[in-house]
Structures are given as structure tokens and as C-alpha cells.
Amino acid sequence: MVKKNACVFISGEGSNLKNLLKRSRDYNFPISIKLVVSNNPEAKGLNFAKKYSIPCLIVNTSFRFFETGVLNYLKKYRINIICLAGYMKVISKKFLKSFNNQVINIHPSLLPKFKGLNTFKRILDKKEIKTGCTVHFVNEKLDGGRIIAQKSFYITINSNVSDLKKRTQVLEHIAYPEAIIKIFRANY
Ligand code: GRF
């Protein structure tokens with residue numbers, strides 16, 4: 001199968017990057033990760049990229065024209081899709097347009113509920129009975145693009161932020177690859 005070229009944007013731990021790198025080794029997984037972009041030179045996730053010998057680009061988001069630089073790299077590596085995986089910066093409308101809106105993200109809640117940061121604490125404060133994760137297309141609205149896949153679980157009594165994070169991430173590592181398969185197999 002001819003795989004599409006993907007770029008993963010990270011800022012921190014990189015557990016989703018690690019999982020996607022592992023999955024993309026399967027001959028029938030639709031993407032091959034060609035580039036990793038991080039706004040944080042200390043991101044732990046960069047170690048996974050190194051382990052898999054994937055080129056990494058560290059960006060300085062306070063530099064006004066950094067997005068133009070990133071776009072040049074995306075062209076150089078013939079990137080077809082960007083997967084945001086814990087990338088903590090907002091992508092500009094101009095960038096999305098230049099890249100033809102082929103940007104997807106994973107968010108640790110059942111969108112449209114709990115957009116934005118501090119998700120787990122807000123979920124617990126609201127005494128939700130169910131939560132999960134969502135993979136969605138990125139548009140100019142924060143966590144507002146079309147939903148591709150969701151996975152959920154019931155919250156147990158006495159759950160804390162750390163439990164919720166752990167259980168959500170287990171589902172994220174299933175949902176993200178599934179969403180990517182869905183996009184390319186079903187021409188979503
Ligand atoms: C994930 O929980 C994702 O939902 C959110 O950021 C976290 C990134 O985790 N957007 P990791 O860096 O992939 O471990």
C-alpha cells in the first residue's frame with residue numbers, strides 16, 4: 001500500500017507519538033511518519049522520534065514567521081497530514097488554510113464537552129459520569145472541528161485527575177490510529 005506522509009506535532013510526553021510511530025510500522029497502516037515538530041526542545045517525546053530515526057524540527061513560536069518555516073519543511077517532506085499530539089500551541093487560520101485543513105488533533109474529553117485546558121479537573125468538578133477522548137479535524141475554532149472518532153468510559157467514584165488521565169490515554173492510543181485508518185480508508 002502507498003502510505004501517506006504524516007508529521008506529528010508535540011510539546012511534551014509524546015505517548016501518542018510513540019504509539020503512532022509503533023503503529024505506522026505495520027505495512028497496512030495508512031501513514032508513515034516523516035517528521036516530528038516540537039515547540040519545546042525538552043519534550044520527552046523527541047526521544048521516541050530519535051529512536052525511530054525520524055527528523056525533528058524544534059520551532060520557536062515567538063518568532064513571527066515560524067509558520068512559514070514549518071510550511072517549507074512540510075513541503076520538503078511531502079507531508080499530507082499533520083497529527084497534533086499534545087501540541088500546546090494554537091495553529092493559525094492562515095497556516096490551516098495553507099495546509100488545506102488536513103490537520104487532526106486528539107483531545108482528552110468527549111467533545112463538544114470540555115474544550116480547552118485543565119480538562120480532567122473540570123470533568124470531575126462537574127461530576128460527569130462518563131468521559132473519554134475525541135479525534136477531530138482542526139479548524140479555526142478551539143477544539144471545534146469535525147469529529148472523526150470518540151471512545152468513552154464510565155467514571156468510577158473517588159476518581160482523581162491522575163486516574164482519569166491514565167484511563168483516557170489508554171483509549172487515546174486506540175482512538176488515534178483508528179481515526180487515521182478511518183480518514184484514509186473511507187475517504188472521510
Ligand atoms: C493527550 O492527553 C491529548 O489528549 C492532549 O494532550 C495529551 C498528550 O499526551 N491533547 P502525550 O504527549 O501524547 O502523552
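One is the number of the first residue; the rest follow in order along the sequence. Both ligands and their constituent atoms are indexed starting at 1 by order of listing.
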Quick one: nearest non-hydrogen protein atom to [atom], plus distance?
atom: atom 12 (O) of ligand 1; answer: Gly14 N, 2.8 Å
atom: atom 14 (O) of ligand 1; answer: Ser15 OG, 2.6 Å
atom: atom 8 (C) of ligand 1; answer: Gly86 CA, 3.5 Å

Task: Nearest-option assignment for atom 2 (O) of ligand 1, heavy atoms, candidates Glu172, Lys165, Met88, His173 - done: Glu172
- [ ] Could you pull out, from His107, Gln169, Glu13, the option with a heavy atom nearest to atom 9 (O) of ligand 1?
- [x]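 Checking each option, the heavy atom nearest atom 9 (O) of ligand 1 is found in Gln169.
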Task: Distance-only side-chain donor-acceptor flag, Thr61 / Asn39, under 3.5 Å - done: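 There is no such pair (donor and acceptor under 3.5 Å, judged by atom type) between the side chains of Thr61 and Asn39.
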Task: Test item: side-chain donor near acceptor, Asn40 and Ser38, under 3.5 Å - done: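 Looking only at side-chain atoms, Ser38 and Asn40 do not form any donor-acceptor pair under 3.5 Å.
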- [ ] Report yes or no: does a heavy atom of Ile106 sit under 4.0 Å from some atom of ligand 1?
- [x]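 So Ile106 counts as touching ligand 1.
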TODO: Could you check whether the rings of Tyr77 and Tyr73 sit parallel, tilted or perpendicular, using 30° and 60° as the cut-offs?
DONE: parallel
Task: Neighbour count above 12 (heavy atom, 6.0 Å) for Phe153 CZ - done: yes
Open item on the list: With a 6.0 Å cut-off (strictly less than), is the heavy-atom count around NZ of Lys113, excluding the residue itself, greater than 12?
Closed with: no
